[in-house]
> 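Please read through the structure below; I'll follow up with questions.
Just so it is clear, the model here is predicted, and its values are computed rather than measured. We count ligands from 1, going down the list as the structure has it; atoms in each ligand are counted the same way.
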Amino acid sequence: MMIHPEPTHEPDSGRLDADVLIVGAGVTGIYQLYMARQAGFSVRVLEAGAGVGGTWFWNRYPGCRFDSESYTYAYLFSKELFDEWEWHEQFAGQPETERYLNHVVDRFDLRRHIRFDTWVTSMTFDEPTGTWTVAADDGSNFRSRYVIAATGVLSVPFYPDVPGRQDFRGQAFHTGLWPASPVDFTGKRVAVIGTGSSGVQIAPVIVGDAASLNVYQRSANWCTPLNNAPITPEEQEQLRAGFEAMREVLNASTAGFLHPANERSAFDDTAEERQAFFETMWRSPGFSKLSSNYSDVLFDEAANAEWCEFIIRKIRDIVQDPDTAERLIPNDHGFGGKRPPFVTGYYEMFNDPKVSLVDLQLTPIMRITERGIETADGEQEFDIIVWATGFDFGTGALLRMGIRGRDGLTLADHWAEGPKTFLGVQTTGFPNMFFPGGPHAAAGNNPRYNGDQVEFITRTLTFLGDHGFDTIEVGPEAENAWTAMVDRGSGQSPFGEASYFFGANIPGKPRKYLLNSGGRPKLFKEFAKVEANGYEAFRLSRSSDGGDGRQG
Ligand code: NA7
């Protein structure tokens, strides 16, 4: 049972509910709560869900799991926590991760600061007092000096605008909003729409019980094996003994992974050596296929084509029906052009006679009907439709929270052409607001760089307190410079403009790169610069200044 620590109340106008108000009790929000408490701040967390976990609370669909190694995704701020928690698999499933996050919250006595079932509907900055008022859907509101939106990058599920979606009389679920009570697929005719990471994870897991499974694919993806495995007792020991060394490797890695970079180019090797190396890659865990592959495989067309050819041969070897195999081969991007999914038994699943692939490039969906899905090829009846159609990445949650900064400026207006940030933590016009784990931070293993931001924000709040400042706002020069760096760096990213990392999956969304190719090293460098020069890039002020804004 979840505990609501304090009753709803209307604060009086002069009193703050907390120094720091955090929105979201996912991986980033929990860490921010812990850090801010450690630094001595009073903190209140508002969480929309009935439990902690964020992504790992909402995405409880069968088959949902990490594709970053469990121990590299976990919190690394406490050696004791690391030692006492035993991950059972290299890539933990959602239930284990949700258990872990609950364990962290209880172990550090954080639950009493979290108010659950609380959807934030607006966040308004009050300039004279330098404070924020945050309103929730149940009519309650909260005042704090600082607000930290830890609302995640993959937290707003996206439904495509397919006619008739509401007409379907069977059961329908989005992977990103999966119900708490188990869905029974036994003997059901099931459709899965979407073949991104979520669609290819859920399909092989539910197929066993289902009467039939139709996978609706608009674009094929370059799926390679996750190669999950249990963590043996010997490996557990090694992980514990190597904790500090692992942290160092992760801190130096651009994407926050352990997989070592490969110095060799694809054409440094003979064709035979290349095949042997690709075979090793195919058998290697998760993201090593990006991090440890030939150094040019993501950036050189010919090298990329070699790796793609290798995967194509694998698909043709595994999938017995040649027509299905051909349709599973991507035709609109090279490996890494979109975020590649990692799979367990996905291609093999198509050898089961009750599974069919529906290629929407040949037969597009016309509408959802009361009984099922109608494509250009006719109507197919279903009992269950699973929408695995993705998220409004990066900015989705922030832009839906009714955020208003100085002079009534809305975040939606300020970011109309795409997000503008400094360090992915602040934006001009929104003093005392931070958004760790939002757009522009880094790319790769999220908790690593989100955690870096949380630590920087916490040090910043401490700095403000120590120096008697109570308002901080990044200046436009720093915001423009960081945003320009992100835009320039987009060319160094393997992800193409067709990727959701550019907002391409959301109609009308500006095509702007939402990550930061400089990764963690770039963040660390800039944090150090900011702290060494006493926050020159920011306007700092005291309430007693009347909000005039004095440079720190
Ligand atoms: P993704 O990776 O955005 O995948 C969404 C899928 O939904 C993708 O295959 C889309 O096809 C498909 N889609 C979207 N709109 C439609 C319509 N209208 N018709 C048919 N298919 C459609 O989201 P996921 O949830 O799988 O993964 C998100 C991240 O979560 C993942 O990368 C991990 O970081 C965890 P498209 O490719 O656009 O043609």
Side-chain angles (χ1 to χ4, degrees), residues 26-27 54-56 58-61 63-68 73 91 93-94 97 152-165 173-178 191-204 214-224 226 255-257 286-287 290 327-328 330-333 336-343 346 357-368 373-376 385-394 396 437 442-447 450 494-507 509 511 514-515:
V27 173
T55 284
W56 304 105
W58 297 107
N59 284 265
R60 51 182 68 248
Y61 61 85
C64 177
R65 66 172 62 248
F66 285 154
D67 40 26
S68 300
Y73 192 99
F91 300 96
Q94 178 274 335
T97 307
V153 280
L154 288 160
S155 49
V156 176
F158 168 68
Y159 282 102
D161 189 16
V162 178
R165 185 163 65 81
F173 307 99
H174 193 291
T175 49
L177 275 176
W178 203 260
V192 172
I193 304 177
T195 52
S197 298
S198 306
V200 302
Q201 274 190 337
I202 191 172
N214 288 43
V215 176
Y216 286 78
Q217 170 191 279
R218 189 167 67 178
S219 323
N221 267 317
W222 296 104
C223 300
T224 55
L226 178 63
F257 289 115
F287 272 96
L290 278 90
R327 285 184 284 140
L328 285 166
N331 58 12
D332 64 345
H333 66 287
K338 290 183 183 174
R339 199 275 202 196
F342 301 104
V343 292
Y346 179 64
L357 181 67
V358 183
D359 185 341
L360 299 179
Q361 292 178 6
L362 300 176
T363 54
I365 295 179
M366 311 302 285
R367 62 183 59 81
I368 306 297
I373 299 175
E374 186 184 329
T375 67
I385 297 179
V386 174
W387 294 84
T389 44
F391 299 88
D392 185 352
F393 178 82
N445 191 6
N446 288 39
N450 299 350
F495 306 118
E497 280 208 21
S499 153
Y500 69 69
F501 295 124
F502 283 83
N505 61 328
I506 306 296
K509 188 166 171 170
R511 299 274 175 111
L514 297 163
L515 300 171

> Please name all residues satisfying side-chain hydrogen bond (donor to acceptor under 3.5 Å, both in side chains) with Asp392, sequence neighbours left out, ordered by chain then number.
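In terms of side-chain hydrogen bond (donor to acceptor under 3.5 Å, both in side chains), with neighbours along the sequence ignored, Asp392 is linked to Arg400, Lys509.
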> At a 4.0 angstrom heavy-atom cut-off, what protein residues surround ligand 1?
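Residues Leu154, Pro160, Ile193, Gly194, Thr195, Gly196, Ser197, Ser198, Arg218, Ser219, Lys338, Arg339, Leu360, Ala388, Thr389, Gly390, Phe391, Tyr500 each place a heavy atom under 4.0 Å from ligand 1, listed by chain and number.
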> Does the plane of the ring in Phe501 sit parallel, tilted or perpendicular to the ring in Phe393? Use 30° and 60° as the thresholds.
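If you compare the ring of Phe501 with that of Phe393, the planes turn out perpendicular.
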> Parallel, tilted or perpendicular for Trp222 and His333, by the 30°/60° rule?
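Correct class here is perpendicular.
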> Judged by atom type as modelled, is there a donor-acceptor pair below 3.5 Å linking the side chain of Gln201 to the main-chain atoms of Val343?
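Side chain of Gln201 to backbone of Val343, a donor-acceptor pair under 3.5 Å: no, none is there.
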> Got a sec, which residues hit side-chain hydrogen bond (donor to acceptor under 3.5 Å, both in side chains) with Gln217, two or more places apart in sequence or on another chain?
none
> State which residues pass side-chain hydrogen bond (donor to acceptor under 3.5 Å, both in side chains) with Asn446; sequence neighbours excluded, sorted by chain then number.
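If we apply the side-chain hydrogen bond (donor to acceptor under 3.5 Å, both in side chains) test to Asn446, skipping adjacent residues, the hits are Tyr449.
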